[in-house]
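Throughout, protein chains are lettered first and strands after them, A, B, ... in sequence-line order, and every chain is numbered starting at 1. Just so we're clear, the structure is a prediction, and the values are computed from it rather than from any experiment.
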Amino acid sequence: MRPGKRTKINELLSTAPVGEKVIVKGWVRTFRNNQFIALNDGSALENIQVVVNYEDLDPSILKRITTGSCVSITGEVVESQGKGQKIEITAKKVDILGDADAEKYPLQPKKHTLEFLRKIAHLRVRTNTFGAIYRVRHAMIFAVHKFFTEKGFYNIHTPIVTGSDAEGAGEMFRVTTLDPANPVKTDSGEVDYSKDFFGKETNLTVSGQLEVETACLALSDVYTFGPTFRAENSNTSRHLAEFWMIEPEMAFYDIHDTMDLAEEFLKYLANYALAHCKSDLEFLDKRATEEEKSKPQVERNELSLLERLQFVVTNSFEKISYTEAIDILRNSKPNKKKKFQYLINEWGADLQSEHERFLVEKHFKRPVILYNYPKNIKAFYMRQNDDDKTVAAMDVLFPGIGEIIGGSQREERYDVLKQRIEELDIPEKDLWWYLELRKFGSAPHSGFGLGFERLIQFITGMENIRDVIPFPRTPESAEF
RNA sequence: UCCCCCUUAGCUCAGUUGGUUAGAGCGGCUGACUGUUAAUCAGUAGGUCCUUGGUUCGAGUCCAAGAGGGGGAGCCA
């Protein structure tokens with residue numbers, strides 16, 4: 001080890017170099033008995049215990065070792081005399097890098113509520129829970145790229161600012177440099193967007209799908225992984241105004257190939273987390289189990305977090321058509337006993353989350369993929385089936401989260417697509433390039449969108465989506 | 001956007017049918033102790049009871065509006 005070089009705590013704990021002189025730097029979690037610092041630098045969930053000799057240490061330094069302060073420790077790695085840890089560091093030198101006024105520092109060595117921690121999002125990552133979530137989140141980002149790279153997919157950066165309002169995936173955020181109090185106006189008094197920065201109306205993207213299809217019809221297998229913005233007034237534990245979405249798009253895949261890929265992908269990710277985030281997941285598993293105890297029996301999970309991840313990895317997903325799902329729901333107990341708020345009477349009804357939850361959590365008790373939905377409840381670009389009633393759409397439904405993936409085979413036939421655009425009154429002028437893809441060397445292709453934060457919810461067992469992204473953006477809330 | 005719930009010390013929460021000076025644990029501070037594991041022990045400070053208005057002899061408690069937060073629904077990923 002190079003003299004003067006800092007060693008990260010995860011490395012120390014895994015190599016346990018007893019007898020070596022080391023430098024560690026990090027943040028104090030607790031300082032017990034005027035002797036024992038629990039030090040964490042984020043490289044692992046675990047802390048290293050630093051033992052200081054309070055009789056030799058300058059009292060003015062001793063006083064500044066407080067919860068939250070940042071310190072640099074020079075000392076020797078020794079076997080611990082205590083029971084809670086194998087090794088510890090006997091400090092020879094303690095430097096305070098950053099004070100944390102104990103009277104004002106909001107984090108205490110105790111359990112805080114998630115609601116409180118959301119209000120101090122700049123500090124919450126210093127807790128075990130959020131440290132674990134951030135690390136798992138990183139591991140999943142890496143695993144996404146690894147999965148697609150191994151399968152020969154190319155990552156495509158689709159635009160964040162978009163000029164088309166055509167996809168209809170949701171309300172959009174406007175992008176403009178016009179003065180909101182006094183925008184340039186046309187003679188007829190309308191806002192003159194031709195004078196705006198881009199010379200037209202622009203918005204933040206709600207999906208990179210349409211753009212990534214261009215790359216798909218040249219590179220075959222591609223994916224996006226980027227920020228996505230929806231200005232919906234959604235106030236739920238599964239919605240954000242700014243979130244990250246993964247959208248693979250595959251040439252020559254039909255809807256069944258796509259469902260298989262979605263299943264393989266999700267299993268790969270769960271498996272990667274189990275293999276690479278062991279101690280973080282064990283911590284989150286315990287945390288979730290504790291949390292469950294405060295809930296009524298009926299709302300508790302039958303499986304623990306780790307068991308759920310294991311279950312997804314080892315069990316095949318149930319794949320059924322919308323029509324089959326309607327049959328199951330129509331004959332289900334809650335439907336017959338009128339327990340559903342929305343009763344299923346006939347084919348064509350949109351499924352409510354109570355129905356999806358019934359299928360996933362009660363009927364099949366495993367992830368379910370529904371496919372071939374009625375065309376009038378799905379988007380214009382989805383491929384029409386021969387029955388003329390349904391489109392080749394699919395949703396992957398997960399327990400607790402609901403829809404984690406939505407995808408479809410795309411309509412590759414120019415005439416059919418054009419007719420559908422007209423039927424739905426979608427402004428065609430914004431879609432000329434999208435239609436041209438069907439004019440020049442069109443190909444059957446399919447894709448899906450995975451909400452990254454919903455994935456992280458599933459992997460970490462966190463119930464509120466605001467706790468799996470560092471800085472959540474939701475209606476009325478954009479602090480930090 | 002709709003429905004429901006919550007807001008009391010830095011944090012987590014008690015606070016009886018409306019009644020004198022609003023409490024506890026943790027945290028902070030002071031001291032003791034010194035191989036602790038969210039250390040322990042003793043002492044101590046700390047309050048716009050979310051805001052505004054109303055009812056009442058009297059409001060933390062009842063009513064109304066507003067603010068903030070949470071849960072559910074819809075929209076979806």
Side-chain angles (χ1 to χ4, degrees), chain A residues 29-38 46-55 62-63 66-68 78-85 88 90 100-120 127-128 167-171 206-209 224-247 262 295 299 341-342 350-354 356-357 377-379 395-398 401-407 448-458 463-469 474-477 479:
Chain A
R29 286 292 176 79
T30 64
F31 184 36
R32 291 183 295 268
N33 217 13
N34 255 354
Q35 292 181 95
F36 304 100
I37 302 172
E46 293 79 12
N47 307 319
I48 186 105
Q49 173 155 290
V50 174
V51 186
V52 301
N53 187 333
Y54 64 94
E55 283 170 330
L62 198 66
K63 252 192 111 165
T66 58
T67 298
V78 298
E79 282 181 35
S80 179
Q81 296 171 37
K83 278 182 181 160
Q85 56 284 316
E88 63 194 20
T90 305
D101 184 342
E103 217 165 327
K104 293 182 182 141
Y105 186 63
L107 290 174
Q108 300 163 11
K110 64 172 249 182
K111 194 177 146 81
H112 288 290
T113 60
L114 295 171
E115 290 82 3
F116 171 69
L117 293 171
R118 261 170 234 155
K119 290 177 191 161
I120 50 166
T127 62
N128 286 334
E167 212 225 326
E171 290 296 311
V206 292
S207 163
Q209 181 207 314
T224 71
F225 187 170
T228 311
F229 306 88
R230 307 249 169 113
E232 302 285 348
N233 194 2
S234 298
N235 293 289
T236 80
S237 56
R238 333 178 279 289
H239 288 87
L240 290 166
E242 175 184 287
F243 64 100
W244 290 70
M245 188 154 62
I246 298 147
E247 294 175 288
K295 289 201 220 160
E299 286 174 31
Q341 202 183 333
Y342 296 88
D350 208 349
L351 299 183
Q352 307 294 317
S353 57
E354 60 181 342
E356 296 179 347
R357 232 179 302 127
I377 60 172
K378 288 289 179 183
D395 285 348
V396 181
L397 308 177
F398 262 34
I401 297 158
E403 187 180 342
I404 193 168
I405 279 179
F448 61 80
L450 168 71
F452 186 62
E453 282 74 20
R454 289 192 183 170
L455 170 78
I456 304 302
Q457 278 188 277
F458 178 71
E463 293 182 338
N464 195 312
I465 201 164
R466 291 161 209 159
D467 296 326
V468 297
I469 188 167
T474 53
E476 310 270 332
S477 170
E479 188 67 53

Check the interface with nucleotides 27-30 of chain B: list each N/O to N/O pair with the protein under 3.5 Å, or write none.
| residue | atom | partner | partner atom | Å |
| --- | --- | --- | --- | --- |
| G27(B) | O4' | Gln108(A) | OE1 | 3.4 |
| U30(B) | OP1 | Lys63(A) | NZ | 3.4 |

Taking N or O atoms only and anything under 3.5 Å, show me the protein contacts with nucleotides 42-46 of chain B, one pair per line.
none

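Of the two residues near RNA chain B, Glu356(A) and Glu463(A), the one whose nearest nucleotide lies more 5' is Glu463(A).
Whole-Å rounding puts the Gln49(A) CD to A38(B) P distance at 11 Å. The interatomic distance linking Phe225(A) (CZ) with A77(B) (P) rounds to 16 Å, in whole Å. Look at CG on Asn47(A): it is 11 Å from P on A39(B), rounded to the nearest Å. Between Tyr54(A) atom OH and A32(B) atom P the separation is 11 Å, expressed in whole Å. Summarising the geometry, the separation between OH on Tyr342(A) and P on G74(B) is reported as 7 Å, rounded to the nearest angstrom. In this structure, the CG atom of Leu351(A) is 14 Å from the P atom of A77(B), given to the nearest Å. Distance CD1 (Ile469(A)) to C1' (A77(B)): 12 Å, rounded to an integer number of Å.
A donor-acceptor pair is defined here as one N or O able to donate and one able to accept, closer than 3.5 Å; no such pair exists between the side chain of Arg118(A) and the backbone of Asp467(A). Between the side chain of Asn464(A) and the backbone N or O of Arg466(A), at least one donor-acceptor pair lies under 3.5 Å. A donor-acceptor pair under 3.5 Å is formed between the side chain of Arg454(A) and the backbone N or O of Glu403(A). In this structure a side-chain-to-backbone donor-acceptor pair under 3.5 Å is present from Glu232(A) to Glu171(A). Under a 3.5 Å cut-off, the side chain of Arg29(A) and the backbone N or O of Pro109(A) do not form any donor-acceptor pair.
Not one side-chain nitrogen or oxygen of Arg32(A) sits closer than 4.0 Å to the OP1 or OP2 atom of U36(B). Under 4.0 angstrom from either OP1 or OP2 of G71(B) there lies at least one side-chain N or O belonging to Arg466(A). For the OP1/OP2 pair of A73(B) and a distance below 4.0 Å, the side-chain nitrogens and oxygens of Arg238(A) include at least one atom meeting the criterion. Listed pair Thr236(A) / G74(B) fails the phosphate criterion, with no side-chain N or O lying under 4.0 Å from OP1 or OP2. The side chain of Gln352(A) contributes an N or O atom lying less than 4.0 Å from OP1 or OP2 of G74(B). Side-chain nitrogen and oxygen atoms of Ser237(A) include at least one within less than 4.0 Å of the OP1 or OP2 phosphate oxygen of G72(B). The side chain of Arg118(A) contributes an N or O atom lying less than 4.0 Å from OP1 or OP2 of G70(B). Distances shown here put a side-chain N or O of Asn233(A) below 4.0 Å from the OP1 or OP2 atom of U1(B). Here Arg454(A) does not reach the OP1 or OP2 of C76(B): none of its side-chain N or O atoms lies under 4.0 Å away. For A73(B), the OP1/OP2 oxygens have a side-chain nitrogen or oxygen of Arg357(A) closer than 4.0 Å. Contact between the side-chain N/O atoms of Thr30(A) and the OP1/OP2 oxygens of A38(B) is not found at any separation under 4.0 Å.
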Would you please test Val51(A) and Phe36(A) for side-chain contact (heavy atoms from CB on, under 4.5 Å) and show each step? CA-CA 5 Å; Val51(A) 186; Phe36(A) 304 100; 3.9 Å; yes

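Using a 4.0 Å heavy-atom criterion, one finds that Leu240(A) contacts the bases of the nucleic acid, with or without backbone contacts as well. Counting any heavy atom pair closer than 4.0 Å across all strands shown, Gly82(A) reaches a base atom. Residue Lys83(A) is in base contact, counting any heavy-atom pair closer than 4.0 Å across all strands shown.
Remark: the separation of the C1' atoms in C6(B) and C50(B) is 11 Å, to the nearest Å. Between U12(B) and U7(B), the two P atoms lie 12 Å apart (nearest whole Å). Only the C1' atoms considered, U16(B) is 16 Å distant from C62(B), to the nearest whole Å. A distance of about 15 Å separates the C1' atoms of A22(B) and G18(B), rounded to the whole Å. When the P atom is used for both G53(B) and A24(B), the distance is 31 Å, rounded to whole Å. Between the C1' atoms of G71(B) and C57(B), the separation comes to 41 Å (whole Å). Nucleotides A14(B) and C76(B) are separated by 39 Å at their P atoms, to the nearest Å. Separating the P atom of G68(B) from that of U51(B) is a span of 15 Å, rounded to the nearest Å.
The minimum heavy-atom distance linking Gly68(A) with Ala100(A) is given by the pair C-CB, 3.5 Å. Smallest separation of non-hydrogen atoms from Gln49(A) and Arg32(A): OE1-NH2, 3.2 Å. Of all non-hydrogen atoms in Ala262(A) and Ile405(A), the two that sit nearest each other are CB-CD1, 4.0 Å.
In this pair, Phe243(A) lays its aromatic ring flat on the base of A77(B), centres within 5.5 Å and planes under 30 degrees apart.
Between the side chain of Ser234(A) and the base of C75(B), a donor-acceptor pair under 3.5 Å is found. Under 3.5 Å, the side chain of Glu55(A) and the base of U34(B) form no donor-acceptor pair of N or O atoms. For U36(B), the base has a donor-acceptor partner in the side chain of Gln85(A) [N/O atoms by modelled type, under 3.5 angstrom]. For His239(A) against C76(B), a side-chain N or O and a base N or O form a donor-acceptor pair under 3.5 Å. Counting atom types as modelled, Gln81(A) pairs a side-chain N or O with a base atom of G35(B) as donor and acceptor under 3.5 Å. Donor-acceptor pairing under 3.5 Å, judged by distance alone, is present between the side chain of Asn235(A) and the base of U1(B).
Atom CG of residue Leu450(A) and atom CZ of residue Phe225(A) lie 8.5 Å apart, to the nearest 0.5 angstrom. With rounding to the nearest 0.5 angstrom, the CD1 atom of Ile456(A) is 10.0 Å from the CD1 atom of Ile401(A).
Stem regions annotated for RNA chain B: B:1-7 with B:67-73, B:10-13 with B:23-26, B:28-32 with B:40-44, B:50-54 with B:62-66, counting only runs of 3 or more consecutive pairs of Watson-Crick or G-U type with both contacts under 3.5 Å.
Within 6.0 Å of atom CD in Glu354(A), more than 12 heavy atoms from other residues, nucleotides or ligands are found, so the atom counts as buried in its surroundings.
The shortest side-chain heavy-atom distance between Ile469(A) and Trp244(A) falls under the 4.5 Å cut-off. By the 4.5 Å heavy-atom criterion applied to side chains, Leu240(A) and Thr474(A) are counted as neighbours.
Side chain of Ser353(A), nearest nucleotide from A73(B), A77(B), U34(B): A73(B). In the set C75(B), A77(B), G35(B), the nucleotide with an atom closest to the side chain of Glu88(A) is G35(B).
Ser80(A) and Gln85(A) form a side-chain donor-acceptor contact under 3.5 Å, judged by distance and modelled atom types alone.
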